[in-house]
Number of protein chains: 2
Amino acid sequence: MATDDLMTRALETVGDDGPLSVEVIHRLTDLADVPEPMTIAEVADLLDMTPHTLRYYERAGLVEVARDRYGHRVYDSETVRRLVFLTRMRLSGMPMRDLQHYISLVDAGQDTVPERLDMLLEHRDIIRRRIRELTLSLAATEYKIATYGGSTGPDDAALDTATEL
Amino acid sequence: MATDDLMTRALETVGDDGPLSVEVIHRLTDLADVPEPMTIAEVADLLDMTPHTLRYYERAGLVEVARDRYGHRVYDSETVRRLVFLTRMRLSGMPMRDLQHYISLVDAGQDTVPERLDMLLEHRDIIRRRIRELTLSLAATEYKIATYGGSTGPDDAALDTATEL
DNA sequence: CTATGGCTTTGAGCGCGCGCGAACGCAAAC
DNA sequence: GTTTGCGTTCGCGCGCGCTCAAAGCCATAG
């Protein structure tokens, strides 16, 4: 279990086409099973990223991380939750620049809630469009796979070589 | 219509959650409404890419393009179809390297059909996984949006600032 | 009690995938 | 004639993260 990242666990939980209930979302963010103060290696393992990337995020101002008496980073659950959020946003295509902006809004206090909401709404639309694009590409790919398989006639042979689709 | 790319047209055709029938796929690849020999600008417009990128693909060995007596590129429907295919694969995440390999297989003749099929199957799985990832991120984003909106209680307020999710 | 290996720290620099920009010339079209 | 659009080449730029180097602390092993 230690080597699984959150997304992998989530996908296993959900299955190929299961419903995405609120409960699933909750389970996703249920971090009770991880130790409270985490090392950089543990967090990296949890989020399926390298320590390098975590330090990179920190330099980029996305998180602040406390240190122990040896200067080693100590991640509390608060920070880990933020990193989970950030990772998810990155994975769904939000650029670093936008993440930095979002975090700056969070740090700026409650007045920025509307703007944060706007960012989330816009990002939601981007994800939706991306899903539609991919669904289309998936359909096209499956179509091509199907015609490849059943290629017997001249037309189908043409499809093969002619790179139709 | 000239400024629309294929994907945009396709998405408009499909709508937000319509079924992806074979007919839709056919309509997608119905290039009858484009002139037979196309210039680089026309193809770029059709595929929503720049002439630069088209020349780049050509240099990369993905297509061979004939020239007219002025040295200008002349794209026949065959080449355009290949470019449509390549663009779709790129958009759905296939790296240039794999596209180059695929094209080399196409050029190598019918013996490579099984390997091409393998590539397509693998790519199909990648797209599927990507869609599931995005679906999950979408659900998480929508969940966060919902909690942002209805933040009245103390727990919800904590969600706001604590970057939960 | 060293030592060997394994983790951490910082900083600077590199690399990849993908494509764009700039500079320049030539032919056609207004 | 000047503007437009295409041609080529060289090099750059971006986003993102990794590599490399030099050094410190800890634990287990001899």
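Residue numbers start from 1 in every chain, and the chains themselves are labelled A, B, ... in the order their sequence lines are given, proteins ahead of strands. What you see below is based on every heavy atom in this structure, not just the backbone, and it leaves out hydrogens, waters and symmetry mates.
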Query raised in the report: Rounded to the nearest 0.5 Å, what separation is found between the CG atom of A/L91 and the CG atom of A/D48?
Result: 9.0 Å
Query raised in the report: Which parts of residues 49-57 of chain B get close to DNA chain C, meaning a heavy atom less than 4.0 angstrom away?
Result: B/T50, B/H52, B/T53, B/Y56, B/Y57
Query raised in the report: Under 4.0 Å: is that the gap between some side-chain N or O of A/R59 and OP1 or OP2 of D/dC18?
Result: no
Query - Any B/R73 side-chain nitrogen or oxygen under 4.0 Å from OP1 or OP2 of D/dC6 - result: no
Query raised in the report: Is it the case that A/H72 and A/T39 place a side-chain donor and acceptor less than 3.5 Å from each other?
Result: no
**Report entry** Pair B/H123, B/S92: side-chain N/O donor-acceptor within cut-off below 3.5 Å
**Finding:** yes
**Report entry** side-chain hydrogen bond (donor to acceptor under 3.5 Å, both in side chains) partners of A/T53, counting only residues at least two apart
**Finding:** A/T50
**Report entry** side-chain hydrogen bond (donor to acceptor under 3.5 Å, both in side chains) partners for B/R67, two or more places apart
**Finding:** B/E58
**Report entry** Contact check, side chains of A/F85 and A/R90, non-hydrogen atoms, under 4.5 Å
**Finding:** no
Query raised in the report: Given side chains that start at C-beta, do those of A/M119 and A/L105 come closer than 4.5 Å, heavy atoms only?
Result: yes
Report summary line: Rounded to whole Å, the CE-P distance (A/M89 to D/dC16) equals 15 Å
Query raised in the report: Tell me: CG of A/D48 to C1' of D/dG17, nearest whole Å?
Result: 14 Å
Report summary line: Sorted by chain and residue number, the salt bridge (charged side-chain N to carboxylate O under 4.0 Å, His left out) partners of A/D107 (sequence neighbours excluded) come out as A/R82
Requested in this report: Tell me, please, the opening and closing nucleotides of DNA chain C, 5' to 3', among those with an atom under 4.0 angstrom from a non-hydrogen atom of chain A.
Outcome: C/dT8 to C/dT10
Report task. Please step through side-chain contact (heavy atoms from CB on, under 4.5 Å) for the pair B/L99 and B/Y57, ending with a clear verdict. Result -> CA-CA 10 Å; B/L99 288 177; B/Y57 283 12; 5.7 Å; no
Requested in this report: Could you walk me through whether B/R124 and B/L121 pass side-chain contact (heavy atoms from CB on, under 4.5 Å), step by step?
Outcome: CA-CA 5 Å; B/R124 180 198 59 184; B/L121 290 170; 3.7 Å; yes
Just the atom pairs and distances: protein N or O near nucleotides 22-24 of chain D's N or O, under 3.5 Å.
none

